[in-house]
Enquirer: 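The structure is given below, and queries will be raised subsequently.
Bear in mind that the values here come from a model prediction, so they are computed numbers and not experimental data. Side-chain atoms are counted along with the backbone in the values below, which use heavy atoms only and exclude waters and symmetry mates. If you read the sequence from its start, that first residue is 1, and numbering goes on from there.
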Amino acid sequence: MLSPGKWHLKVPRERNANLKFRRNLIRLCKGNKRNQDAILEACRQDILLWINTFVWQYNPNSIGGESEEIGPFISWEFQEHAIYEVLDCIEQRKDVVFEKSREMGASWFCLLVLDWLFLFFDWKKFLVISRNEHAVDRPGDTDSLFWKLDFVHEHLPDWMGKTRVERRRLGFQNPLTKSSIYGQASTGKAGVGGRAYAMFIDEFSMIEEDFEVLHRTSDTTGARIFNGTHRGTDTAFFQLTDPKTVVGSFIRKIQMHWTQHPGKR
């Protein structure tokens, strides 16, 4: 089972208490190899511990009364449930589709799932696809997916990941774990040429070659993560979310409505 650990239950979710917890943990690990190794192993066993004590996020349209655009990633309960669902689908080699409202954090935590596996597990290869190349990787563009990963890595302690990650255009490599994350634009041939442990297809409802991507990537990996927001009924994304269709009848679906978000409701 991926992420069986429960240390995250001891991590405070209130912002100020969470920041204090993070600072104290960093102090305990500074220059102490034994403590660093213990925390690395705890994070390897508990993704929510890693997220809620080491991951920072950027949100220029902050919701829920937070005054700062940059702050600690503190997961909501509905996000935690979705994270475990994604991990289970990856482990069980099954596809999953997110049917969601906007600004629910799905892109962030789907990337965090891949990044956690990339940092802590050996020989994992991931493929990330979006509507165009700039949406995947564009230096300085905070909306691009790989900018988010760059931001996460930048704020990790050196002993956890910052110095381990090798960055290249449309890709990341981890020399320690031999794992990798690569990105592609959503052409009809995206993801066809190779194989991957899991694939994240963001903004699937915005992809013009959606049906080609859906069918051509079926042999690339056993675990595809489709993320999108409805844009009508004539899209491949709609078919994935409709239980009356062939593909929609067997794919696992995660629904995230805006009323689940404490800052929106």
Side-chain angles (χ1 to χ4, degrees), residues 1-26 28-29 36 38-59 62-64 66 68-91 96 98 100 103-121 124 126 128 145-162 164-165 172 174 177 179 181 198 200 202 225 227 254 256 260-263:
M1 176 184 178
L2 294 172
S3 190
K6 300 299 180 184
W7 290 281
H8 68 273
L9 297 175
K10 298 182 180 295
V11 180
R13 298 308 203 264
E14 191 276 324
R15 181 185 172 88
N16 290 334
N18 181 271
L19 288 170
K20 183 178 180 180
F21 182 90
R22 290 172 181 244
R23 285 195 297 268
N24 290 338
L25 197 59
I26 291 294
L28 285 173
C29 291
Q36 291 173 9
I39 293 300
L40 286 172
E41 178 58 25
C43 287
R44 192 187 71 82
Q45 296 185 27
D46 188 349
I47 186 173
L48 293 182
L49 174 69
W50 175 67
I51 289 174
N52 285 284
T53 55
F54 291 103
V55 173
W56 287 69
Q57 68 173 340
Y58 170 74
N59 183 5
S62 184
I63 296 172
E66 304 294 357
E68 299 178 0
E69 289 82 3
I70 296 174
F73 195 111
I74 301 174
S75 54
W76 300 109
E77 185 177 350
F78 75 91
Q79 293 174 329
E80 295 176 2
H81 173 73
I83 286 169
Y84 283 130
E85 286 274 324
V86 172
L87 284 175
D88 186 61
C89 286
I90 290 176
E91 191 171 21
V96 60
F98 280 91
K100 66 179 188 64
E103 296 183 341
M104 298 294 283
S107 295
W108 269 98
F109 66 71
C110 285
L111 288 172
L112 291 179
V113 167
L114 302 189
D115 202 38
W116 174 71
L117 292 165
F118 164 79
L119 290 172
F120 294 102
F121 292 82
K124 303 302 181 189
F126 302 101
V128 175
L145 296 173
F146 282 7
W147 184 94
K148 294 177 173 63
L149 289 181
D150 285 331
F151 185 85
V152 171
H153 296 158
E154 178 185 346
H155 287 81
L156 292 177
D158 288 346
W159 49 268
M160 175 166 285
K162 184 189 298 186
R164 299 181 184 182
V165 177
F172 300 86
N174 186 338
T177 63
S179 294
I181 303 175
F200 175 42
D202 193 39
I225 307 162
N227 180 41
I254 300 175
M256 293 195 304
Q260 294 175 272
H261 196 300

Enquirer: Verify the neighbour count for atom CD of Glu14: are there more than 12 heavy atoms of other residues, nucleotides or ligands below 6.0 Å?
Expert: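 More than 12 within 6.0 Å, yes.
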Enquirer: Is there side-chain contact between Leu48 and Leu9, with heavy atoms separated by less than 4.5 Å?
Expert: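 No, side chains not in contact.
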Enquirer: Do Phe54 and His155 have their ring centres less than 6.0 Å from each other?
Expert: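 Between Phe54 and His155, the centre distance exceeds or equals 6.0 Å.
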Enquirer: When rounded to the nearest 0.5 angstrom, what distance separates CH2 in Trp7 from OG1 in Thr53?
Expert: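 With rounding to 0.5 Å, CH2 (Trp7) is 12.0 Å from OG1 (Thr53).
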Enquirer: Measure the spacing between CD1 of Ile39 and SG of Cys43 and express it to the nearest 0.5 Å.
Expert: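 One gets 6.5 Å once the value is rounded to the nearest 0.5 Å.
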Enquirer: Return the minimal non-hydrogen interatomic distance between Leu19 and Pro72, and the atom names on each side.
Expert: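 Minimum heavy-atom separation between Leu19 and Pro72: CD2-CG, 3.8 Å.
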Enquirer: Do the non-hydrogen side-chain atoms of Cys110 and Asp202 ever get within less than 4.5 Å of each other?
Expert: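 No, side chains not in contact.
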Enquirer: Begin with the C-alpha distance, continue with both residues' side-chain angles, and end with the deciding distance and a verdict on side-chain contact (heavy atoms from CB on, under 4.5 Å) for Ile51 and Phe109.
Expert: CA-CA 9 Å; Ile51 289 174; Phe109 66 71; 5.6 Å; no
Enquirer: Using modelled atom types and a 3.5 Å cut-off, is there a donor and acceptor pairing between side-chain atoms of Asn227 and backbone atoms of Phe200?
Expert: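 No; zero donor-acceptor contacts below 3.5 Å.
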Enquirer: Return the minimal non-hydrogen interatomic distance between Ile181 and Val128, and the atom names on each side.
Expert: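 Heavy atoms only, the tightest pair is CG2-CG2, 3.9 Å.
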Enquirer: Going from NZ on Lys124 to CG on Leu119, what distance comes out if it is rounded to the nearest 0.5 angstrom?
Expert: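 Taking NZ in Lys124 and CG in Leu119, the distance rounds to 14.0 Å.
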Enquirer: Between atom CZ of Phe21 and atom NZ of Lys10, what is the distance when rounded to the nearest 0.5 Å?
Expert: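 The distance works out to 9.5 Å.
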Enquirer: Side chains of Phe172 and Asp115: does their closest heavy-atom pair fall under 4.5 Å?
Expert: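 Sidechains of Asp115 and Phe172: no contact.
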Enquirer: Between Glu80 and Arg13, is the salt bridge (Lys or Arg N to Asp or Glu O under 4.0 Å) condition met? List the steps.
Expert: CA-CA 12 Å; Glu80 295 176 2; Arg13 298 308 203 264; 2.9 Å; yes
Enquirer: When you compare the side chain of Leu117 with that of Ile47, does any pair of heavy atoms fall below 4.5 Å?
Expert: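 Result no, sub-4.5 Å side-chain heavy-atom pair not found.
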Enquirer: Taking atom types as modelled, is there a side-chain donor on Asp46 or His8 under 3.5 Å from an acceptor on the other?
Expert: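 Distance-only check passes for Asp46 and His8.
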Enquirer: Mind listing the closest non-hydrogen atom pair of Arg15 and Gly71 along with its distance?
Expert: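 It is NH1-CA, 4.1 Å.
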Enquirer: Taking side chain as C-beta onward, heavy atoms only, is Trp116 less than 4.5 Å from Ile83?
Expert: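 No; the side chains remain at least 4.5 Å from each other.
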Enquirer: Are a donor atom and an acceptor atom from the side chains of Asn174 and Ser179 found within less than 3.5 Å of each other?
Expert: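 Short answer, no.
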Enquirer: Without swapping roles, check the side chain of Gln45 against the backbone of Ser3 for a donor-acceptor pair under 3.5 Å.
Expert: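 No: the side chain of Gln45 does not pair with the backbone of Ser3.
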Enquirer: Once rounded to the nearest 0.5 Å, what's the spacing between atom CD1 of Ile225 and atom CZ of Phe98?
Expert: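 Going from CD1 on Ile225 over to CZ on Phe98, the span is 7.0 Å.
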Enquirer: Residues two or more places apart in sequence or in another chain: which of them pass ring-ring contact (aromatic ring centres under 6.0 Å, His included) with Trp147?
Expert: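 In terms of ring-ring contact (aromatic ring centres under 6.0 Å, His included), with neighbours along the sequence ignored, Trp147 is linked to Tyr58, Phe151.
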Enquirer: Give me the atom names and distance for the closest heavy-atom approach of Pro12 to Ala17.
Expert: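 Closest heavy-atom pair between Pro12 and Ala17: CG-O, 3.5 Å.
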Enquirer: Flag the pair Glu85 / His81 as yes when at least one side-chain heavy-atom distance between them is below 4.5 Å, and no otherwise.
Expert: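 A side-chain contact under 4.5 Å exists here.
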Enquirer: Flag the pair Tyr84 / Gln79 as yes when at least one side-chain heavy-atom distance between them is below 4.5 Å, and no otherwise.
Expert: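 In short, these two side chains do not touch, never coming nearer than 4.5 Å.
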Enquirer: Keeping Thr177 on the side-chain end and Phe118 on the backbone end, is there a donor-acceptor pair under 3.5 Å?
Expert: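 At least one qualifying donor-acceptor pair exists.
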Enquirer: Working note: Asn24 + Lys20, criterion side-chain contact (heavy atoms from CB on, under 4.5 Å); need CA distance, chi angles, decisive distance, verdict.
Expert: CA-CA 6 Å; Asn24 290 338; Lys20 183 178 180 180; 3.8 Å; yes
Enquirer: Would you verify whether the NZ or CZ of Arg22 falls within 45 degrees of the ring axis of Trp56 while also being under 6.0 Å from that six-membered ring's centre?
Expert: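 Yes - Arg22 lies over the ring of Trp56, closer than 6.0 Å to its centre and within 45° of its axis.
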Enquirer: Give a yes or no answer on whether the side chain of Glu91 reaches the backbone of Asp88 with a donor-acceptor pair at less than 3.5 Å.
Expert: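 Here the side-chain-to-backbone pair does not exist.
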Enquirer: What is the distance from atom CG of Leu111 to atom CZ of Phe146, rounded to the nearest 0.5 Å?
Expert: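 Answer for the CG-CZ pair, Leu111 versus Phe146, is 8.0 Å.
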